[in-house]
Amino acid sequence: MSLLEVRDLDAGYETGQVLFGVDLDVERDEVVSLLGRNGAGKTTTMRSIVGADEPTVRGGSITFDGHDLLATEAHDIPRLGLSLVPEARRCFGDLTVTENIRLAAHHATNPRDVAAMFERFPELDDMRDRPARHMSGGEQQMLAIARSLVTNPQMILLDEPCEGLAPYIVRRIEDIIHEISENEGVTILLVEQNVAVALATADRHYLIDEGHIVDEVTTERLREDETLRQRYLGV
Amino acid sequence: MSTSSLRTLGLARLSAGGAAVWGAIALLLLVAFAVEPGLFVDQFVGGLVYGMTLVLIALGLSIILGLLGIVNFAHGALFMLGAYFTYQLMALWGLSFWIALVVAPLLVGLVGVAMERLVLQWLYDEPPLAGLLAAFGLALMIQEATRAIWGDTPLSVVTPAVLAQSADLAVTTVARVRLFSVVVAALVILAVYLLIERTDFGLSVRAGVQDREMAGFLGIDMPRRFVLMFFLGAVIAGIGGVLQGTAVGMNPTMGQQYIIITFVVVVVGGIGSLFGSVVAGLLIGEAVFLTPLVLRSLADVTGIGALAVPGIGGLVPYLVMILVLLVRPRGLYGQEGFME
Amino acid sequence: SSGPAGDGSGSEGTTTGSTGAMEITLGLFTPNSGAFAPWGPSLETGTRLAIRDLENELDVSVDLNVYDTKTDPSGALDAMKRAVTADGIDFAQGGINSSVCTKIGTWASDNNVSYIGQGASDSLRGEACQPFMYMVYQTNHMMATTIGREMADVTDRWYVLYADYVWGHNAEQVVTSAVEENGATVVGTDATPFPNDDYTQYINNVANSEADGVALLIPGPDASRAVKQMRNQGLTDVKIGAQMLEDMVFWGLDHEAAAMVDIASMGWVNTIDGVGDFNDRVAEAGELDPFVRHAKSYTSADQQIRAAVRAGSTRAEDVREELEGHEIQSAARDIHGGGEMYWRACDHELVSPVFSATARDASEMQDDPYKQWFDVTDTTPGDDVVRSCAETGCTL
Amino acid sequence: MSRDSTAGVLERVGAIDLGVWQVPLGLLAVAVLLRPVVSHDLMLGYPQVASSFLIWMIIVASFNLLMGYTGLISFGHAMFMGIGTYSVAIALSSLAVPFLLAAPLGILFSAGVAYLIGRLIAHKGEIYFAMLTLAFAKSAHFVANYNPGGLTGGTTGLADGTTPAWIETSRGFTYVVLGGFRIDWYWAVAAVFVVGLLLLWQLVRSPFGRTLVAVRENEALARSMGVNVRRYKVWAFTFAAAFAALGGVLLEINNQGATLSELSIVTSGNIIIMAVLGGANYFFGPLAGVFVWMFVEEYLTDFHTLVLPLTEVPLLRIELTGVLAYWQFFLGLLFVVAVLVSPREGVLGLAKATVARLSARIRGESE
Amino acid sequence: MSDDVDPRSAALGTEGLSKHFGGIVAVDEVDLAVPAGELRAIIGPNGAGKTTLFNVVTHALAPTSGSVYLGGEDITDVPQERRPHLGLARSFQSNELFAELSVLENVRVIAQTAAAGTFSFSLLGDGRSVRAEAARDILARVGLSEHAATEATNLSHGDQRRLGIAMAVATEPSVLLLDEPTSGMGPGESRETVELVQSLQDDLGLTVLMIEHDMEIVLSVSDRITVLNRGSVLATGTPDEIQGDDDVQDAYLGGVREEL
Ligand SMILES: Nc1ncnc2c1ncn2[C@@H]1O[C@H](COP(=O)(O)OP(=O)(O)OP(=O)(O)O)[C@@H](O)[C@H]1O
Ligand SMILES: Nc1ncnc2c1ncn2[C@@H]1O[C@H](COP(=O)(O)OP(=O)(O)OP(=O)(O)O)[C@@H](O)[C@H]1O
Ligand SMILES: [Mg+2]
Ligand SMILES: [Mg+2]
């Protein structure tokens, strides 16, 4: 059985349904990407998986590591080993870097060592006591990933980690994704607008369009099939 | 460095104008002290005691406002309930003051939780005005229920014997029951500070305040923490009520009387800053007690009798607020952008 | 200041119907909410007692409508307008604080409605007097003059604490001059906010002055708070004199604090000789033990209804004719101890005796069947302390 | 597609697209219908409150220029109304200035005070601004209580000699007597109401008023796009004070004098409550709010026995006098429910949503 | 490499412009001189101070030191709300709108302000007809005509970004500052937006400063590029110059990738 299984997921907001019968599988140790245009429903999918208040799931099932997520309280989901790094990072601006990480560690069942995270992300080491609000976007992204990683998850959902970042930081994030998936055995579901990043990091790609999963392709195929990219991603 | 100590540093940035103001204030106080030293000391201690009472009430309000973003207009009503529960426990059920001191605040805490669960929790995502108005409605309801249950007539309880006399502080005498209030208030302030700044619980609450949903994504059960914070805020109001009820007595309008002045304290301190509330409470307490004395001394010294405006004390908190806010638009220690 | 004869309002000047019994609708204005809400029920009880007595004695049937003044002049005015225009009351009584009395009294007079109020402030009298407005409570001036004399006997140096509103301002002036006329001095005064519950600041002032006595010109529960706080702060040996004391405000307190009051001027107290069964009947009604507002409400209803019956009319002009100069002979006089009471024509003041009282020792305070905490020490005839007509400035 | 498509009087402040005639006609309708409606037996049953309703509608509408249109919340609005009331009362009782001169002066004075205070505080953050207005209002209250020179009458206020000579009143009926004409006071108020609110409406629909809405929506953006936000706020504050004072002036005659409660914080609070209750998002919201609040207050205070289902068919008779001494409890409850059901839209928004839902259902059925 | 025009005579110029937040130096002694008609891209890593530079140029934040020149005039002390009336306009990095106003009103209110000044007592007439035609023209230009009556919050993200540009244009600027006009857009939409900017510039004769992260776009459309790093100007030059600059490679690009 796959680590994460999404079956026939229908979800939406007050203003209307957004996801229509989404099916997704992520196997253990895989890096899978979910690609699509603005508003295709990528974030909505991620948020449905972690049980956010919005959107409302109207049908289907989500299973993670054998647990039925739709029947799990949202704040219990991280304890199953599933962690979200949300769109726009959402670090706690008034808390320091250390506090951000410590906080996450505290609410995990089997956290990693907080000090170890600073070795893992040396760029954060210099700014341990700086409020997150005073950090650059790239640094905040590192922090968001560190905050997620410290909970020692089996799987991380990364929502547009490279949005608005300068090219060299994008590079760094790509490296981090490689490291945590290959060296640390964390499974990753990645959402990206930046197709290059997805191509460089993921093994498999789901294409989503207007709330429907329209295709599932290999990196190879996505790289070569320009019409496919043009059609669903506008590249 | 914790965020609150960062804010403290703001004090170091004193402009020349600010220095002049402080200098003038110091001079006036000196004049008053020179004219009536004994009274000055009495009033200073009195101001401290009164200021601590304000701080105690403001603290709960400030927690709920700063952390949950709810302008809890019903906080005064909770304070009043603390006093009436004391009456119920002591005068009607004959229990001792010490039991009331523990039980009444807990009961108030439960009322607070009921308020939060039934009404206010639905308004966290609405603009602050909505919470304020709902809380206003709740305050009315609690006040009327109190009248219906305990009547309109002011009530009081017999002050326990140890607290009934006056305490001789060498320079002045103070009612022991008030001194006791100061000690309890100080302990509560310390405990709240430690809880919020030094514990993991406090950390998770501070995080949740900034981004409730994100805290949830990290596995933190925010609704439960908010309930607990509301409980805490209500309990503190309840403690204030017990102390006030014992020292002064209780009546159904005491909540109303205190809530506005308490808001003044919170705003002068700067919304979102517990430390600010403490400073502002003491500042206003002293201002209320010392201003009339200063004016009277000034009238004595200058011979201009009109300076000693009778009844000015009631206006002093508002004058302090105008002054502080004109100079520091966010209060003494307010955060930028918070509730603006 | 009277307008044209009313048209359409229906109820101006009910006269005796052909069936016999005169029918009167009386409007009572009482604070059922707001700062004076604790007083509210007592006005109603006193009024109902009077109505019961009158209906037994005279051929009259009285319908009582009760309105909430909310202790607020605007609220009271709204109620008064409704009472007159919608409910067609014949005349009105009630109101405790002077701002409410002024507001509804002036309006009532402007609109040809007869009204007896219970304010004590001198600002309700004199130039503010109105053709159809009457005051049943002894004036501040009368009570201050009484207590001023007694205070000067007790000790020479007084500190005056007065509530910072019209009644208090007025009391401060009269008490100070009465004290000084009698040879004692006032060494300091403070206006205290009203309502207020922390008197520390003012008690400090007292403690640091040369005064041996404190004159409390503070109404309501605030007076009791101030006393209690003086005790807690250790000021047990200063004398306390209280102006226009209403003993009811002490009832929420422990006996010891109340016992600290040395002298008080009072409009009525339930230990007056000759009160008869009035106390028991009030106590039976249950809401509040008998105190001054019961007696004043009883007197108001008694007087206005009797006047209407005598005149055979409820028109304001007719009632006025009956009341002006009228000397009270009814039960209302008995419950006031039987001294002389009359409605002075020149300013519509009920000239009646002022009572001086002192608190009993805590151990002698009686709580059953109703509270009796104060004893009368002296009764001053109203004529001895009332301002002369010329002094008041009223031009009726 | 959005909520702006339904036209009519209930349009939202932001996106109003009212026909030119709807507001004037709506105001006329309120003025003409209010008294008969209020005095109907099923309602309050007597007409004298109707003029108070109209006056408070002016005052609360003036407040909504601040809250609804400019996004400024003042905890001290009663001060400006009270300045109007006191100006006239003082002019009549102590200065022997005729009403027709005193009234415009009072309004100007109120506006002037507002302008000065506005210059000082209009740019402060929301809550801080609100608390500063509270402080100034407290100061005004203090001054009136202090009774400087015996002008304001302290807590007693001014009652004697505060009615102009051309007002006649007897047993609750008030008339304006001018040159042989005798007009019911209500119609005089109604005329001022219609004219005043039309002016207010013109103010909010003018280019000036549209800019205020932009300021409310996004102050920083407005500033960066070239709007002098502070001046607009100052003037909104000034105009609001002028209209409040207009209401205050009428109140002086209506209540025959001035009392401290006209300057009190509680009154300011009530003004906010009425505005919110009605729906600050609508031009007619404050009017609805005044109606509901005053109606409920009058109704509950005046109400003794509940007879169900009808007075004519008394199946169930409940004695409510005892409970209704605590009528404010029910007011509080009403308030909590109103806020919970529709925190931003008020009664009017609720009514509108209900109407929309019903009509949608009816349309759905007819298809 | 640097600007070779005098800032005091350029369409927009700065001299020694700095902004400090407490200890953080967000903008550090920036000299800038953008000649009329140029499309200047501002690039730099996150936190380089790009947005802050716009904020001090428009006086949304007071500069700590330095001067700003607009069309040869020293405007350093001109208050923020006067600047649009002198021809300096901007859009924001996040979507700033008059949320509950219609799309048309969003633009119209600004057009009205542009015509009437920072403050105006126009109390007569119907506000909604003032400059409505001009506003409609602008909406047509940016392709929002069909949404004119929509409440601005209900627009999609991309349309909100376009509305931001429309509002800036409504101030009738000569110099337009655009803060990441394509942020949050997919590649296709980004391209359309950049084309829109170019056509506006050509038709209205604007000088444009544009903060942009997408190097492909930056290299293809800008006349010159200014690279900010840690608050100061690292380099200014044509796209070719910038691509060849080693410092820039290091600080920002980290070596351009050849994939795609
Ligand atoms: N809170 C919300 N309420 C209503 N509709 C929403 C909400 N959030 C998103 N939507 C709508 O749901 C659809 C899918 O949005 P979603 O955020 O999932 O897209 P996305 O694929 O993540 O896009 P992007 O690449 O822009 O992040 C969009 O049409 C969006 O407008
Ligand atoms: N109001 C402020 N208070 C304190 N620091 C600030 C403030 N605004 C910006 N900063 C700091 O100034 C620096 C520059 O920020 P700025 O927003 O200008 O960067 P940017 O180049 O626009 O980045 P991005 O590409 O992420 O938008 C950052 O370190 C930021 O944290
Ligand atoms: Mg997304
Ligand atoms: Mg930026």
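Chain naming here is simple, since letters A, B, ... match the order of the sequence lines and numbering starts at 1 in each. In what follows, every heavy atom counts, from backbone to side chain, and hydrogens, waters and symmetry copies are set aside.
- For a residue to count as touching a neighbouring chain, one of its non-hydrogen atoms must lie under 4.5 Å from one of that chain's; by this rule Arg108(E) touches chain D with the side chain only.
- Residue Glu96(E) touches chain D through both its backbone and its side chain, counting heavy-atom pairs closer than 4.5 Å.
- When the side chain to side chain donor-acceptor pair (under 3.5 Å) test is applied to Thr171(E), no partner is found at least two apart in sequence or on another chain.
- With hydrogens and angles disregarded, a donor-acceptor distance shorter than 3.5 Å links the side chain of Gln202(D) to the backbone of Leu123(E).
- For the set Asn106(E), Leu97(E), Val109(E), the entry with the most heavy-atom pairs within less than 4.5 Å of chain D is Leu97(E).
- Neither the backbone nor the side chain of Ala89(E) comes within contact range of chain D; no heavy atoms are under 4.5 Å apart.
- When each of Thr58(E), Leu88(E), Leu124(E) is scored by its heavy-atom pairs under 4.5 Å with chain D, the top score falls to Leu124(E).
- Residue Glu100(E) holds its CD atom at 12.0 Å from CG of Asn218(D), rounded to the nearest 0.5 Å.
- Applying a 4.5 Å heavy-atom cutoff, the residues of residues 223-234 of chain D that approach chain E are Arg223(D), Ser224(D), Met225(D), Gly226(D), Val227(D), Asn228(D), Arg231(D), Tyr232(D).
- Contact check for Leu221(D) versus Phe98(E): side-chain heavy atoms found under the 4.5 Å cut-off.
- Within the 4.5 angstrom heavy-atom criterion, atoms from both the backbone and the side chain of Ser120(E) approach chain D.
- Interatomic distance, CG of Leu101(E) versus CZ of Arg210(D), reported as 6.0 Å (0.5 Å rounding).
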